[in-house]
Each structure stands twice: as structure tokens, then as C-alpha cells.
Amino acid sequence: MRICVVAGPGPGSARLAPVDDAGAPAGPRRDVPGPDAIAAAVREAPPDVRWVWADATQTYPAVLAAGARVERCHDVAHTEAQLLGAVGRWGEPRSLAAAWARLTGGPVPPDPEPLPAALGPGGDADGGVQDALFDAVDVPSAPAALPPGTDPLDVLVAVHADQQRRVAAARAVSPGFTLLVAAESASALAAVEMSAAGLPWRADLHDAVLVEALGPRAPHGGRPPRLQALAEEVARLLGDPRLNPDSPPDVLRALRRAGVLVSSTRRHELRGVDHPAVGPLLQYKELSRLHTANGWAWREQWVRDGRFRPEYVPGGVVSGRWASRGGGALQIPKAVRGAVVADPGRVLVVADAGQLEPRVLAALSADPGMVAATQAGDLYAEIATRALGRTDARAEAKIALLSAMYGGGAGSAAPALAALRRRFPAALELLEEAARTGEDGGSVRSVLGRTSPVAAPGWLDGLGPEAAGGRARARGRFTRNFVVQASAADWAGVLVAGLRTRLAALGDRPDDARLVFFQHDEVVLEVREALAAAAVGAVTDAGSEATRLVLPGTGVRVPLEAAVVRSYAEKG
DNA sequence: GGCCATAGCGCG
DNA sequence: AAAGCGCGCTATGGCC
């Protein structure tokens with residue numbers, strides 16, 4: 001049973017239209033008065049209803065805030081994005097209004113620009129003129145408007161039915177497409193729930209890390225003592241008292257004057273340079289990074305009431321990975337993960353799928369040797385043994401395999417790469433075929449049917465042979481990586497979908513066991529202590545299910561091991 | 001004052 | 001000229 005839902009005329013009211021799986025009307029429409037009409041409707045409906053709405057990001061936060069959890073939805077916007085990609089129209093507007101316009105031949109409205117995330121919780125980071133009214137809560141930008149005179153519920157019912165037809169058509173090309181769109185919709189729910197839950201963040205422990213590394217906080221956001229001392233030391237050792245170590249051109253000039261001939265100030269290049277200033281400079285850069293990216297100012301902007309609440313954007317990356325807005329949620333450095341500690345009476349369950357991408361490659365290519373190698377817990381070590389004949393060549397094998405998936409390997413990785421090609425020909429051929437497709441401007445698909453963008457028309461026009469070749473090879477590296485990264489994202493999306501369902505069944509209250517963080521191939525749950533073992537079981541089961549559904553019949557193993565910890569730093 | 005590109009580095 | 005994939009974010013510096 002599916003129910004299409006749109007906002008009603010009164011504040012917080014809603015209009016509902018039951019439909020069947022094909023999208024045909026399946027009962028009388030109903031108006032529900034506000035406030036919180038959708039939450040009320042969700043509570044009284046059977047739990048297996050799939051709620052059909054324009055965009056979970058717009059609608060679900062208020063439903064959740066009103067205390068109702070949606071088990072399943074059909075998110076028109078996320079579904080539309082996948083459907084457009086499947087027919088080579090990647091990146092066209094995905095809103096309900098845009099889908100309706102395409103269906104009826106009207107002008108297609110552009111998707112609204114997402115609001116800048118700079119306005120943190122409590123907002124007004126730069127003392128700007130934003131009205132306090134807008135500071136209190138996340139304000140999703142308004143959805144694209146429907147043409148005047150159209151009934152939103154009619155539009156939703158029609159677009160949903162059309163999407164179901166198009167999903168069926170896409171399934172003929174990619175049998176996994178139904179699973180893909182279901183997982184995308186579930187991810188949209190999970191993202192809203194995770195933003196609402198937030199990641200527990202202990203200010204006192206964060207402070208301890210910062211003070212230990214930087215010294216006490218300086219007033220007015222200036223350099224803390226240790227950072228200032230390092231800056232002065234670098235300036236002295238490079239003989240330029242006015243040197244700004246935050247300015248790469250400045251530092252590069254000073255280094256050259258000191259006889260250090262480097263082409264950049266990147267850590268990688270500076271490491272191994274023999275000059276007394278280099279050590280302090282690298283130390284300065286590391287600490288400065290901590291200070292600017294995840295220091296006190298970051299915490300004041302992004303952590304409220306002991307929780308870090310970023311905004312997640314499922315499918316925000318071309319490959320289908322999640323992106324995030326605000327606070328750099330997917331780049332929390334290991335150095336500060338000790339601040340992530342479960343609330344009293346609760347524990348964290350941290351689980352990551354080790355070496356996910358090469359395992360996915362094994363499944364995609366059905367390369368017998370590589371599939372067999374996935375039985376090992378440490379895939380890279382196993383590959384080293386099988387392809388290079390040496391157990392001590394793990395690091396070499398890892399670099400070679402990553403090079404194969406990223407498109408590198410021209411340099412020192414070349415011999416090991418050749419060995420991989422001999423030993424795992426099908427796996428390497430799959431990657432090279434994807435690269436050729438990309439170099440020719442074509443698109444490739446993930447295992448469930450997520451499609452990469454095609455090249456823009458005339459993408460090589462006006463370029464000389466050198467530049468055109470370079471552009472084509474860059475595109476080949478993108479598609480080469482896409483097949484693996486996007487299929488891994490498929491797996492992870494199905495993991496999240498299965499996991500949130502299982503977690504909901506564990507406790508009596510929504511916060512008994514919940515997802516609080518997700519990062520490509522890793523999840524963090526926060527659960528009541530008594531539910532720790534059950535939560536470990538849930539995540540393990542969800543991982544097995546993801547492998548069974550996304551990589552069926554391949555025999556590939558994807559270990560997903562969960563640790564019960566107090567602090568994220570204990571395993572990460 | 002704002003806008004934009006670049007360099008650099010954190011994460012996977 | 002050479003280039004291993006995908007991101008978000010900060011500070012700098014050139015520009016209007």
C-alpha cells in the first residue's frame with residue numbers, strides 16, 4: 001500500500017491519496033487537518049505503508065519532529081534523479097515540479113539552489129543580517145513551484161505513476177534498479193533522521209585535545225601560543241620575520257630564497273627536504289589545520305547541546321555517495337574523534353566494511369582469483385600472495401590495486417600492476433573497459449544501475465591533440481573509478497536501508513538504537529547499553545543482506561565487523 | 001564590501 | 001606539462 005501525501009490548505013494539514021504499486025488510485029482521498037497532519041496520518045496507518053512524497057528533505061523533518069517515524073517512502077526527487085541518469089539525462093532538474101513539466105511538456109523549472117550551510121545551529125556565524133527567525137531551525141530552500149492552477153496531489157499521483165512505469169523500463173536494463181531507488185528513498189529518510197539525532201560531541205574532551213596540541217585558546221580567534229611559536233620559528237629559520245606561514249606563495253618564495261627548490265609547499269613534497277625550517281613548517285601546517293578546520297570556532301558554529309548536527313546529502317556525489325553540508329561532517333579528523341562519546345547509559349557501535357571497493361570489483365568482474373581472495377580478512381595481503389608471490393608485499397599490492405581502480409600506476413606501481421593483470425585479468429579488464437568507455441565520452445553504470453553522466457556535447461572541441469588526450473584520459477579515470485565507487489555506494493545504501501529498519505525494531509523509543517553517523521563504508525550507532533549486542537547483530541545482518549542483495553551469487557565476502565565502544569576514537 | 005580561483009589537507 | 005578517484009572546507013590573493 002502506498003499513500004501519496006501533499007501539504008493541505010491549512011497550516012500543518014495534509015491531503016492523502018492511496019495508490020497501488022503501479023500508482024493507480026486505490027481508495028478515497030482524504031484531508032487531514034493540522035497541525036502535524038502527516039505525523040498523525042503516519043501514526044495511524046499500517047507500518048508497511050510506503051509514503052509517496054515530493055522530497056523527504058522538505059517534508060520529513062517536521063514529521064520526525066512531531067514524533068512520527070516513517071518506515072518506507074518513495075522520494076520523487078531522488079527517484080527522478082536516478083531515472084534521468086538511466087536515460088542519459090544526468091543532472092536535469094529533479095523536483096516534482098520539474099518531473100511534472102517534463103511529463104506535460106511545460107517549461108522545466110530549475111532546482112532551487114541549496115541554502116549555504118554557513119548558518120550553523122544558532123546561526124549568524126559572521127554577524128550578518130539574517131533575521132533571528134531563520135536562525136532557530138534548518139530552513140530548507142523552497143521547492144520549485146508547480147504551475148498555477150494545478151492540484152499538487154493530482155500532480156504527485158501522476159508523476160509517481162509515471163515514475164513507476166519508468167522504473168519498470170529501467171529494470172529491463174538494470175535488474176537492480178528497483179532496489180536502487182528503494183535504497184535511495186530509504187537513504188533520504190536516514191539522512192533526515194541522522195541530522196535530527198546528531199553525533200554526540202563532548203566539548204570538554206574536544207578542548208583537551210585542542211589545548212594539548214595548540215595550547216590554550218587565544219582571544220579573538222588569534223593563533224594559540226604553540227601555533228604562534230611555530231610560526232615565529234619558521235619565519236626565523238627562513239630569514240623572513242614577516243613571513244605568513246598560511247600563505248603558500250609567501251612560503252614558497254621564502255623556501256626558494258633559502259635554497260630549497262620545491263615546486264609547491266605540499267606536505268608530500270616537503271617531507272624529505274633537508275632544511276631546518278621544514279620540520280617546524282610541517283608541524284605548523286598540521287596544527288594550523290586542526291585549529292582552523294576543527295578548532296574552537298568550528299565547535300561554536302556546529303556543536304549545540306552536546307551534538308554535532310551536520311546536514312547529510314544522500315546521493316550528493318556523482319557516484320551516489322553521500323555528501324554533507326556544513327561542518328565538514330565526512331572529514332572529521334581522527335585526532336578529534338575522542339570527543340565523540342556516547343551519552344551516559346549508551347554505547348557506540350562502530351562498524352566499517354573493510355576494503356569495500358576491491359571486494360566490489362571482485363564481484364563486478366566475477367574474476368575467479370579475486371573472488372577467492374575476498375575470503376581472506378585482509379584482501380591486500382591475500383592479493384600480495386596471489387599476484388606477487390610474497391606475503392611481505394602487502395603495501396605494494398595495495399598501491400597497485402588502488403592504482404588500477406583510480407587510473408594511476410604509471411610509475412613505480414607499474415610492475416605490480418602488470419602482475420595483477422596477469423593474475424586477475426577479468427578484474428583489470430573490467431576497469432580498462434570502463435576507462436575506454438569514459439575516454440570515448442560514454443557513460444557507465446553501477447551494479448544496481450546508477451549511471452554516470454555522459455560527456456557534454458563537444459567536450460573535446462577546440463582542444464589541441466595534447467589537451468584533448470589529457471581530457472579524455474581524465475574522463476577515463478573518472479569512469480574507471482565510477483564503476484567501483486558507485487557500486488560500493490549501492491552496497492552502502494542498501495546497508496543503511498536495512499539497518500535503519502532493524503534498529504527501529506530493537507527498542508521501544510526512537511533513540512534506543514539509532515544511526516548517528518555514516519561515512520561511505522562505515523556506520524556509527526548510538527544505542528542503549530542493554531541493546532549493544534542486539535545492535536551488533538543488526539549491523540552484521542544488514543551487511544550480509546546488502547551483500548546478498550547487491551552482489552548476489554558472486555561468492556564475494558564483505559566483512560563488516562562491529563565494535564562496541566564508548567568513544568569513536570577507540571575504533572575508527 | 002563581495003566574488004572567484006587557487007593551494008592545501010582532512011576524510012573515504 | 002603532467003596528471004590515481006570522489007568530496008568539503010579554510011585562508012589567501014587578485015579582482016571589481
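All chains are named by letter (A, B, ...) in the order of the sequence lines, taking the proteins before the strands, and each is independently numbered beginning at 1.
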Undergrad: Determine whether any donor atom in the side chain of A:Q331 lies under 3.5 Å from an acceptor atom in the base of C:dG8, or the reverse, and answer yes or no.
TA: yes
Undergrad: Output every pair passing side chain to side chain donor-acceptor pair (under 3.5 Å) with a member in residues 458-474 of chain A, not counting sequence neighbours, ordered by first then second residue.
TA: none
Undergrad: Taking A:E357 first and then A:R321, would you say they form a salt bridge - that is, a charged N and a carboxylate O separated by under 4.0 Å?
TA: yes
Undergrad: What about A:S324, does its side chain sit under 3.5 Å from the base of C:dG8 through a donor-acceptor pair?
TA: no
Undergrad: Please confirm whether the ring centroid of A:W302 lies under 6.0 Å from the ring centroid of A:W296.
TA: no
Undergrad: Rounding to an integer number of Å, can you tell me how far A:E396 CD sits from C:dG4 C1'?
TA: 17 Å
Undergrad: Above 12 or not: heavy atoms from other molecules or residues under 6.0 Å from CZ of A:R436?
TA: yes
Undergrad: Report the distance from atom CG of A:L356 to atom P of B:dG12, rounded to the nearest whole Å.
TA: 13 Å
Undergrad: Quick one: closest heavy-atom pair of A:A56 and A:V192, and the distance?
TA: O-CG2, 4.0 Å
Undergrad: OP1 or OP2 of B:dG12 less than 4.0 angstrom from a side-chain nitrogen or oxygen of A:K334, does that happen here?
TA: yes
Undergrad: Using only side-chain N and O atoms of A:K285, determine if any of them is under 4.0 Å from OP1 or OP2 of B:dC9.
TA: yes
Undergrad: So how far off straight is the helix from B:dG1-C:dC16 to B:dG12-C:dC5, going by the axes through five pairs at either end, to 10°?
TA: 0°
Undergrad: Write down the distance between CZ (A:R475) and C1' (C:dG6), rounded to a whole number of angstrom.
TA: 15 Å
Undergrad: Please work out which residues in residues 434-454 of chain A have a non-hydrogen atom less than 4.0 Å from an atom of DNA chain C and list them by number.
TA: none
Undergrad: Rounded to the Å, how far apart are A:Y406 OH and C:dA2 P?
TA: 24 Å
Undergrad: How about NZ on A:K398, more than 12 heavy atoms from neighbouring residues, nucleotides or ligands closer than 6.0 Å, or not?
TA: no
Undergrad: A:V444 versus A:R450: any side-chain heavy-atom pair under 4.5 Å?
TA: no
Undergrad: Run the ring-centre check on A:F308 versus A:W298 and record whether the distance is less than 6.0 Å.
TA: yes
Undergrad: Closest to the A:S403 side chain: C:dG6, C:dG4, C:dA3?
TA: C:dG4
Undergrad: Who are the ring-ring contact (aromatic ring centres under 6.0 Å, His included) partners of A:H520, not counting sequence neighbours?
TA: none
Undergrad: Give a yes or no on whether a salt bridge exists between A:E432 and A:R421, defined as a side-chain N under 4.0 angstrom from a carboxylate O.
TA: yes
Undergrad: How would you label the contact of A:G409 with the nucleic acid (heavy atoms, under 4.0 Å): base, sugar-phosphate, or nothing?
TA: nothing
Undergrad: Indicate yes or no: at least one non-hydrogen side-chain atom of A:W90 is less than 4.5 angstrom from one of A:V318.
TA: yes
Undergrad: Strictly below 4.0 Å, N to O, side chains only: are A:K571 and A:D352 in salt-bridge contact?
TA: yes
Undergrad: For A:Y284 and A:R223, does a side-chain donor sit closer than 3.5 Å to a side-chain acceptor?
TA: yes
Undergrad: For DNA chain C, determine which residues of residues 476-495 of chain A have any heavy atom closer than 4.0 angstrom to one of its atoms, and list them numerically.
TA: A:R477, A:F478, A:N481, A:Q485
Undergrad: Does A:T265 put a side-chain nitrogen or oxygen below 4.0 Å from OP1 or OP2 of B:dG8?
TA: yes
Undergrad: How long is the line joining CZ of A:R266 and P of C:dG4, in whole Å?
TA: 10 Å
Undergrad: Give the B/S/- string for nucleotides 11-16 of chain C, one per nucleotide from 5' to 3', where a protein heavy atom under 4.0 Å of the base yields B, of only the sugar-phosphate yields S, and otherwise -.
TA: SSS---
Undergrad: Can you measure A:L290 atom CG to C:dC9 atom P for me and round it to whole angstrom units?
TA: 17 Å
Undergrad: What's the gap between B:dG8 and C:dG4 when it is taken at their P atoms, as a whole Å value?
TA: 16 Å
Undergrad: Heavy atoms, side chains only, cut-off 4.5 Å: are A:E232 and A:P245 in contact?
TA: no
Undergrad: Write down the distance between CZ (A:F308) and C1' (B:dG10), rounded to a whole number of angstrom.
TA: 13 Å
Undergrad: What is the distance, to the nearest angstrom, from the CH2 atom on A:W298 to the C1' atom on C:dT10?
TA: 15 Å
Undergrad: So, is A:R289 near the phosphate of C:dC9, with a side-chain N or O under 4.0 Å from OP1 or OP2?
TA: no
Undergrad: Once you apply a heavy-atom cut-off of 4.0 Å, does A:S264 come out as touching a base, just sugar-phosphate, or nothing?
TA: sugar-phosphate
Undergrad: So, do A:P425 and A:D367 sit near enough that their side-chain heavy atoms are less than 4.5 Å apart?
TA: yes
